[in-house]
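What you are looking at is a predicted structure, and each value in this text was computed from that prediction instead of being measured.
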Amino acid sequence: MRRILVVGASAAGLAAAETLRREGYDGTLTLVGEEAHLPYDRPPLSKQILSGEWSPERLPLRARADLDALDLDLRLGYAATGLDLAGRAVLLADGARLPYDGLIVATGVRPRRLPGEGDAHVLRTLDDALALRDRLGPGRRLVVVGAGFLGAEAAAVARGLGTEVTLLEPAPVPLAHAVGEQVGRVLSGAHLDHGVDLCTGVGVTEVSDTGVRLTDGELVAADEVLVAIGSLPNTEWLEGSGLKVADGLVCDEYSAAAPGVYGAGDVARWRNPLFGTSMRIEHRTNAAEQGMAAARNLLRPDARKPFAPVPYFWSDQYGMKVQAFGHLRGHDEVAVVEGELTVRRFVVAYRTGDRLAGALAIGMPPKAIRGWRQAVATGMSWHEAVDAPPPSGAPARRT
């Protein structure tokens with residue numbers, strides 16, 4: 001294998017490229033990125049960049065000298081437009097045809113859009129964050145459509161900058177589908193306490209120059225609108241290639257989509273054998289871990305290892321640190337295992353079937369949840385988890 005191509009120049013793609021070199025690959029290594037920027041970190045976009053706490057110079061994942069040391073054929077500013085699977089080549093927007101012996105797909109996701117949203121903001125790239133940051137501050141009115149983690153973080157930052165914020169969410173309780181109603185209500189309470197006008201159970205039909213039109217006809221006035229209603233995996237360039245696409249690039253437990261082709265990061269839907277289910281994870285930690293795993297499996301096909309992580313994510317809102325391990329969606333039960341919901345300092349555990357599926361902490365030190373990661377990884381039963389929780393836990397209260 002003398003030519004490896006990594007398509008996607010962010011966390012997953014860079015982790016794959018670095019791992020390939022670290023594992024001894026010395027052939028041609030091409031890294032393709034749609035943005036002209038050097039690979040950079042995305043989580044700070046809705047936090048430190050949007051708030052102005054960081055300058056854009058702090059975002060790059062590696063210094064230019066470190067990238068140069070990888071001896072990359074770096075192709076930035078050009079999107080992949082097609083894949084010739086039989087001919088083992090990727091086509092770029094500039095007309096280039098890049099041959100490969102091995103391919104890692106790490107093209108990530110893009111924001112979902114609303115019909116006719118006009119000049120509404122989205123928040124995925126550095127340019128997106130800078131454009132919105134310049135329009136926030138005292139006397140400004142921001143409407144955020146979507147109260148998921150991205151929308152919630154942006155709302156919290158905007159309030160901290162003195163912006164009037166209205167947060168619109170179609171579900172009765174924000175984030176209930178992901179973390180449960182109890183935790184969703186805790187996070188909602190923080191918005192209300194900080195002066196956010198939180199409107200739940202509402203739909204949006206139109207975004208105009210003057211604000212957002214709701215399904216009942218009401219116009220919510222705004223100077224700026226941020227649409228944060230989720231994302232779509234960037235797989236259009238794979239259409240007609242022969243690879244299976246279904247809400248992401250479909251991969252097996254090794255992150256393989258086809259012989260010599262692997263997926264990594266937000267775009268990859270793979271079967272996680274630890275939970276026995278297919279999942280696509282849009283979190284920074286998973287992107288880096290899967291990029292490394294895909295690179296190792298590509299290099300050593302006879303010694304492949306399943307990619308079976310305990311997913312991890314975090315969020316910062318109003319000074320609250322939210323941390324979670326595991327696969328929380330679709331859970332059957334939630335139990336408070338430490339602290340109190342009312343004071344926003346707690347750890348909750350999640351049950352799926354008869355096993356511990358995950359744990360989430362708010363306002364707690366990192367050590368309060370670390371033990372739960374191992375408990376999830378070892379397949380601890382729900383009975384064990386609530387009756388004899390990891391060392392940081394206290395006796396559980398079922399909710």
Side-chain angles (χ1 to χ4, degrees), residues 4-18 20 29-50 52 54-68 70-83 90-98 100 103-113 119-135 150 153-154 226-228 230-238 248-249 263-268 280 282-288 290-291 294:
I4 294 181
L5 177 57
V6 180
V7 183
S10 57
L14 180 59
E18 290 181 324
L20 289 167
L29 179 53
T30 302
L31 181 62
V32 174
E34 182 174 5
E35 294 183 69
H37 303 292
L38 294 176
Y40 63 87
D41 212 8
R42 295 191 189 274
L45 295 178
S46 59
K47 307 175 186 70
Q48 294 91 343
I49 294 295
L50 192 60
W54 284 14
S55 68
E57 289 70 30
R58 293 187 62 175
L59 274 189
L61 290 166
R62 298 292 182 270
R64 182 71 204 215
D66 294 328
L67 291 176
D68 290 343
L70 294 174
D71 189 23
L72 299 175
D73 173 18
L74 197 57
R75 306 289 185 102
L76 299 179
Y78 298 102
T81 58
L83 170 64
V90 167
L91 310 179
L92 300 188
D94 64 349
R97 179 182 175 90
L98 304 180
Y100 67 83
L103 172 65
I104 295 177
V105 176
T107 43
V109 297
R110 66 186 184 281
R112 289 182 181 272
R113 301 272 186 169
D119 294 329
H121 296 269
V122 292
L123 189 50
R124 174 64 184 174
T125 68
L126 172 58
D127 294 339
D128 293 337
L130 294 177
L132 180 58
R133 185 179 75 179
D134 290 343
R135 297 176 180 270
L150 179 64
E153 289 174 356
L226 171 63
V227 176
S231 58
L232 296 169
N234 290 322
T235 56
E236 286 74 15
W237 67 284
L238 299 174
L249 173 62
D266 298 2
V267 73
R280 186 172 64 80
E282 295 183 21
H283 301 311
R284 169 69 172 79
T285 302
N286 185 79
Q290 194 166 24

Point to revise | Within-4.5 Å side-chain heavy-atom neighbours: L83 and W237 | key: yes

Check your understanding: Do you know the tightest heavy-atom contact between A294 and G263?
Key -> CB-O, 4.0 Å

Practice item. For residues E153 and S46, report the shortest heavy-atom separation together with the two atoms involved. Key: OE1-OG, 2.6 Å

Exercise for review: Indicate yes or no: at least one non-hydrogen side-chain atom of V267 is less than 4.5 angstrom from one of V105.
Suggested key: yes

Study note, to complete from the structure: Contacts of D68 meeting salt bridge (Lys or Arg N to Asp or Glu O under 4.0 Å) (sequence neighbours excluded), chain-then-number -> R64

Exercise for review: Identify, with sequence neighbours excluded, every residue that meets salt bridge (Lys or Arg N to Asp or Glu O under 4.0 Å) alongside E34.
Suggested key: none

Check your understanding: Can you find a heavy atom in the side chain of R284 that is under 4.5 Å from one in the side chain of D41?
Key -> yes

Review point. Nearest heavy-atom pair of E57 and P60: which atoms, and what distance?
Key: O-CD, 3.3 Å

Check your understanding: Between E236 and R110, is the closest basic N to carboxylate O distance under 4.0 Å?
Key -> yes

**Study point:** V90 vs L103, side-chain contact (heavy atoms from CB on, under 4.5 Å): CA-CA, chis, key distance, verdict
**Key:** CA-CA 9 Å; V90 167; L103 172 65; 4.1 Å; yes

Point to revise | Evaluation steps, side-chain contact (heavy atoms from CB on, under 4.5 Å), between D128 and L45 | key: CA-CA 9 Å; D128 293 337; L45 295 178; over 6 Å; no

Point to revise | Ion pair R280/D266, N-O distance below 4.0 Å | key: no

Review point. Is a donor on one side and an acceptor on the other found under 3.5 Å between the side chain of R75 and the backbone of L31?
Key: no

**Study point:** Minimal non-hydrogen separation, L76 against E35, with atom names
**Key:** CB-O, 3.7 Å

Check your understanding: Ignoring hydrogens and geometry, is there a side-chain-to-backbone donor-acceptor pair from R42 to R124 under 3.5 Å?
Key -> yes

Point to revise | Polar side-chain atom of N234 near backbone of T107 as donor-acceptor pair, under 3.5 Å | key: yes

Check your understanding: Under the salt bridge (Lys or Arg N to Asp or Glu O under 4.0 Å) test, which residues partner R58, sequence neighbours left out?
Key -> none

Point to revise | Nearest heavy atoms of L150 and A228, plus distance in Å | key: CD2-CB, 4.4 Å

Study note, to complete from the structure: Output for pair (R135 CZ, H121 NE2), nearest 0.5 Å, gives 5.5 Å

Check your understanding: Does any non-hydrogen side-chain atom of L238 lie less than 4.5 Å from one of L249?
Key -> yes

Practice item. Answer yes or no: is there a donor N or O on one side and an acceptor on the other, between the side chain of T81 and the main chain of L91, under 3.5 Å? Key: yes

Check your understanding: Are any non-hydrogen side-chain atoms of L38 and L74 less than 4.5 angstrom apart?
Key -> yes

Practice item. Would you please name every residue forming a ring-ring contact (aromatic ring centres under 6.0 Å, His included) with H37, sequence neighbours left out? Key: Y40

Check your understanding: Given V227 and R113, is the side-chain contact (heavy atoms from CB on, under 4.5 Å) satisfied, shown in steps?
Key -> CA-CA 7 Å; V227 176; R113 301 272 186 169; over 6 Å; no

Review point. Just wondering, do D73 and L29 contact through their side chains at under 4.5 Å, heavy atoms?
Key: no

Check your understanding: Have S231 and E282 got a donor and an acceptor in their side chains that come within less than 3.5 Å?
Key -> yes

**Study point:** Closest non-hydrogen atom pair between G248 and P233, with its separation
**Key:** N-CG, 3.4 Å

**Study point:** Set of residues satisfying salt bridge (Lys or Arg N to Asp or Glu O under 4.0 Å) with respect to R112, sequence neighbours excluded
**Key:** none

Exercise for review: Determine whether T30 and V6 make a side-chain contact, defined as any pair of heavy atoms from C-beta on separated by less than 4.5 Å.
Suggested key: no

Exercise for review: Inspect the surroundings of CG in D134 and state if more than 12 heavy atoms from other residues, nucleotides or ligands are less than 6.0 Å away.
Suggested key: yes

Exercise for review: Any chance you could lay out the side-chain contact (heavy atoms from CB on, under 4.5 Å) test for L59 and I49, step after step, and finish with the verdict?
Suggested key: CA-CA 9 Å; L59 274 189; I49 294 295; 3.9 Å; yes

Can I get a per-line list of side-chain donor-acceptor pairs under 3.5 Å for residues 7-14, giving both atom names and the distance, sequence neighbours left out?
none

Point to revise | L123 vs L226 side-chain heavy atoms within contact, under 4.5 Å | key: yes

